[in-house]
Amino acid sequence: MNPNWQAAVAQSYSFSAPSILMGAAKLNEVVDPKLPIGIPLSTLNRHGLISGATGTGKTKTLQVLAEQCAQANIPVLLMDIKGDLSGIAKAGSPHPKIDERQQSVGLPFSVKGYESELYSLSGQQGLPVRSTMTEFGPVLLSKLLDLTDTQSGVLTVVFKYCDDHQWPLIDLKDLRKALIYVTEEGKEAVQQTYGRISTASVGAILRKLMVIEQQGGSNLFGEPSFEVADLMNRTRSGYGLISVIRLMDMQDKPQVFSTFMISLLAEIYHTFPEVGDPERPKLMLCFDEAHLLFDQASKALLDQLEIMVRLIRSKGVGLVFCTQHPADLPAAILGQLGFKIQHALRAFSAKDRKDIRLTSQNFPPSEYYQPETLLTELGVGTALMTCLDPKGRPTELVEVMLRAPESRMGVISPAEVQSVLRESRLAAKYETLIDRESAFEILTQKLESATQEAHKVQMQEDIERAKRASQRADANEPSMWESVTDNPMVKQMGKEVVREVTRGLMGILGIKKSRRRRY
């Protein structure tokens, strides 16, 4: 063992402030249990990165980080993409390899599960996580839908109009109904106050809402809405609570997932007070498979996320991104990260070798390690690591044999999920959907009332029209005598009667009809 290396590592990682221990230092395949490697609690809110190729153990490193934070009374929120991080709620199983690893790193170990709350964006296999449209707001919704400036302006007007008239926007059907209303029945009323609303813009917004709805976004909106204060609870044993959002059914819906995360970060930022740099973070947010957060996110969403990463540190919140390669993160975000735990990378192509060379340049220079070579030789559960000391200075680059998780390293069954939910202290709060009167019901009732009123007016107009027609008919219709005397047959019969009466009268008077003379 190199004494100079031992002295350098000991000096760099001997923190006077509290820290979480991740493992023990390693050099030339030899682990030194007398050199524990940790991260100061006071620098965890400077954010971090855990990366490595598939199967190198990066997710288990994230699990260890969450366990150690919980034991340090720091609440943790985990984004579980593959389903294996949910195993933190159940105790692990003894294994000879685990025992061997723990003996080599020289850190205490006990098999146990951690009290957890399981959530889900779809409401399946977890407590549903929802937000109201009003809480989400037109700005973030515009970023989610990737609207143009004109369309974003229209959406803002609709939110303002509903707010002015006290029409709550709770879910997607509320917003859809409001958008249709401002271009149809309420067009004139809106135009008088806010100006003309473009029908084409409203149509484009409605089509983009349909895309989000097909991706399962309708489950994100509703009541009761999720309260970030519930992330700050402590467990019954006094540890920080571990909250897990199960996202296994969101892998093919990155737009919904990334937008939810932006919304959550924005809610935390606007809710938490400014604390600067506390002795320990108030909350840790951990993103497994973080590339899904960035892959299909719009530029507006990426800009918003970059802002959140820069600013949320002052709220005492730390972010940890876990992904396969550092290049999965935007450069602007990568430059904000305080600690890096790099597992092995694979060099199967020229591009892979170039990426490894670039990754190795992100570490501080070291006279004891050659990162470009070592990154392809690291074993499972071993990583290169550097962090910030309490004064904000980068520590020595060191190879670390990482400790094993104390909780289960694998998925939990649906039955076990249900058992965790039965023990949840928040199930009664979030499980039942509340569908109170909101913009959809108000506008539907308003339109029905308008339809009924229009129907009444139409019926009254029909009655008045019928009366006027009857009066005109009465004025123009002939009397019965006129109708009879106008009949040709009656006229002929009348003539015959008059003739016979005349003959009778002439006979009575002795007047005889003269006869024609015949010659």
Side-chain angles (χ1 to χ4, degrees), residues 17-22 38-45 47-48 62-80 85-92 107-120 126-130 224-246 264-265 267-288 312-320 403 405-408 412 416-431:
S19 62
I20 58 171
L21 298 179
M22 299 297 296
I39 306 172
L41 297 182
S42 59
T43 64
L44 282 175
N45 67 328
H47 316 316
L62 183 62
Q63 189 169 340
V64 167
L65 179 71
E67 291 177 352
Q68 297 305 308
C69 285
Q71 290 190 33
N73 296 324
I74 302 172
V76 180
L77 176 62
L78 293 172
M79 304 298 162
D80 188 7
L85 280 175
S86 300
I88 204 167
K90 297 295 181 180
L107 295 175
F109 179 82
S110 61
V111 174
K112 60 184 174 184
Y114 288 77
E115 185 176 334
S116 306
E117 292 284 357
L118 303 182
Y119 298 95
S120 170
L127 300 178
V129 178
R130 307 183 188 94
S225 57
F226 181 70
E227 297 181 15
V228 295
D230 290 329
L231 298 175
M232 308 301 295
N233 294 335
R234 293 292 188 270
T235 66
R236 297 176 181 89
S237 56
Y239 287 166
L241 178 67
I242 297 179
S243 302
V244 183
I245 299 184
R246 294 164 56 79
L264 182 64
L265 289 173
E267 180 75 11
I268 291 173
Y269 179 76
H270 291 297
T271 302
F272 286 21
E274 290 279 347
V275 295
D277 287 319
E279 293 183 356
R280 65 184 67 208
K282 297 174 63 177
L283 177 67
M284 292 296 295
L285 302 182
C286 304
F287 304 87
D288 193 18
I312 207 168
R313 177 179 68 83
S314 64
K315 304 289 184 172
V317 178
L319 308 178
V320 180
R403 67 193 306 171
E406 297 175 328
S407 54
R408 183 181 301 180
I412 57 177
E416 290 175 318
V417 171
Q418 293 304 316
S419 70
V420 174
L421 294 178
R422 283 193 296 270
E423 297 173 0
S424 169
R425 291 179 285 176
L426 298 173
K429 180 177 181 179
Y430 291 117
E431 278 187 336

message: With rounding to the nearest 0.5 angstrom, report the CG to CD1 distance, Asn45 to Ile312.
response: 10.5 Å
- prompt: Looking at CD1 of Ile242 and CD of Glu67, how far apart are the two atoms once the value is rounded to the nearest 0.5 Å?
  reply: 6.5 Å
- line: Closest heavy-atom pair, Glu274 versus Tyr269, reported as atoms and distance to 0.1 Å, is OE2-OH, 4.3 Å
Least distance between heavy atoms, Cys286 atom then Val76 atom: SG-CG1, 4.1 Å
field: Gap separating the OG1 atom of Thr235 from the CG atom of Asn73, nearest 0.5 angstrom
entry: 8.0 Å
- prompt: When rounded to the nearest 0.5 angstrom, what is the spacing between CG in Leu62 and CE in Met79?
  reply: 11.0 Å
- line: Closest heavy-atom pair, Val275 versus Gly316, reported as atoms and distance to 0.1 Å, is CG2-N, 3.4 Å
message: Quick check for you: to the nearest 0.5 Å, what is the distance between Arg246 atom CZ and Ile412 atom CD1?
response: 5.5 Å
field: 4.5 Å side-chain heavy-atom contact, Pro405 and Val64
entry: yes
- request: Please report the C-alpha distance between Val420 and Lys90 in whole Å, then the side-chain angles of each, then the deciding distance to 0.1 Å, and finally whether the side chain to side chain contact (heavy atoms under 4.5 Å, CB included) criterion is met.
  value: CA-CA 9 Å; Val420 174; Lys90 297 295 181 180; 4.0 Å; yes
query: Going through the distances and angles, do Arg236 and Glu423 end up as a salt bridge (Lys or Arg N to Asp or Glu O under 4.0 Å)?
result: CA-CA 12 Å; Arg236 297 176 181 89; Glu423 297 173 0; 5.9 Å; no
Residue list, ring-ring contact (aromatic ring centres under 6.0 Å, His included) with Tyr119, at least two apart or on another chain: Phe226
- prompt: Heavy-atom count around Glu279 CD within 6.0 Å, excluding the residue itself: above 12?
  reply: no
query: Under a 4.0 Å N-O cut-off, is there an ion pair linking Glu416 with Arg408?
result: yes
- prompt: Do Asn233 side-chain atoms and Leu241 backbone N/O form a donor-acceptor pair below 3.5 Å?
  reply: no
- line: Value for CG (Asp230) from CG (Leu77), rounded to nearest 0.5 Å, stands at 12.0 Å
query: Looking at Ser407 and Gln63, what are the two nearest heavy atoms and their distance?
result: OG-NE2, 2.7 Å
task: Please test Leu44 against Arg280 for side chain to side chain contact (heavy atoms under 4.5 Å, CB included), starting from the C-alpha separation and ending with a verdict.
output: CA-CA 7 Å; Leu44 282 175; Arg280 65 184 67 208; over 6 Å; no
- request: Classify the side-chain pair Glu117/Ser243 by whether it contains a donor and acceptor separated by less than 3.5 Å.
  value: no
query: Given Leu118 and Leu421, is the side chain to side chain contact (heavy atoms under 4.5 Å, CB included) satisfied, shown in steps?
result: CA-CA 7 Å; Leu118 303 182; Leu421 294 178; 4.2 Å; yes
message: Side chains of Arg313 and Asp277, heavy atoms from C-beta outward: is any pair under 4.5 Å?
response: yes
query: What is the minimum heavy-atom distance between Pro281 and Leu41, and which atoms define it?
result: CD-O, 3.1 Å
- prompt: Who pairs with Gln71 by side chain to side chain contact (heavy atoms under 4.5 Å, CB included), at least two apart in sequence or on another chain?
  reply: Gln68, Lys112, Tyr114, Tyr239, Glu406
- request: Go through Ile20 and Cys69 one step at a time and tell me if the side chain to side chain contact (heavy atoms under 4.5 Å, CB included) criterion holds.
  value: CA-CA 7 Å; Ile20 58 171; Cys69 285; 4.2 Å; yes
field: Student check: side-chain heavy atoms of Met22 and Arg403 closer than 4.5 Å
entry: no
query: Taking only residues two or more places apart in sequence, or in another chain, which ones meet Arg234 in a side chain to side chain donor-acceptor pair (under 3.5 Å)?
result: none
- request: Would you check if Pro75 and Leu231 make a side-chain contact, meaning some heavy-atom pair closer than 4.5 Å?
  value: no
field: Contact summary for Arg130 and Tyr430, nearest pair of heavy atoms
entry: NH1-O, 3.2 Å
- prompt: Going through the checks in order, is the side chain to side chain donor-acceptor pair (under 3.5 Å) test met by Glu115 and Ser237?
  reply: CA-CA 9 Å; Glu115 185 176 334; Ser237 56; 5.3 Å; no
- prompt: So which of Leu319, Val320, Leu285 actually passes side-chain contact (heavy atoms from CB on, under 4.5 Å) with His47?
  reply: Leu319
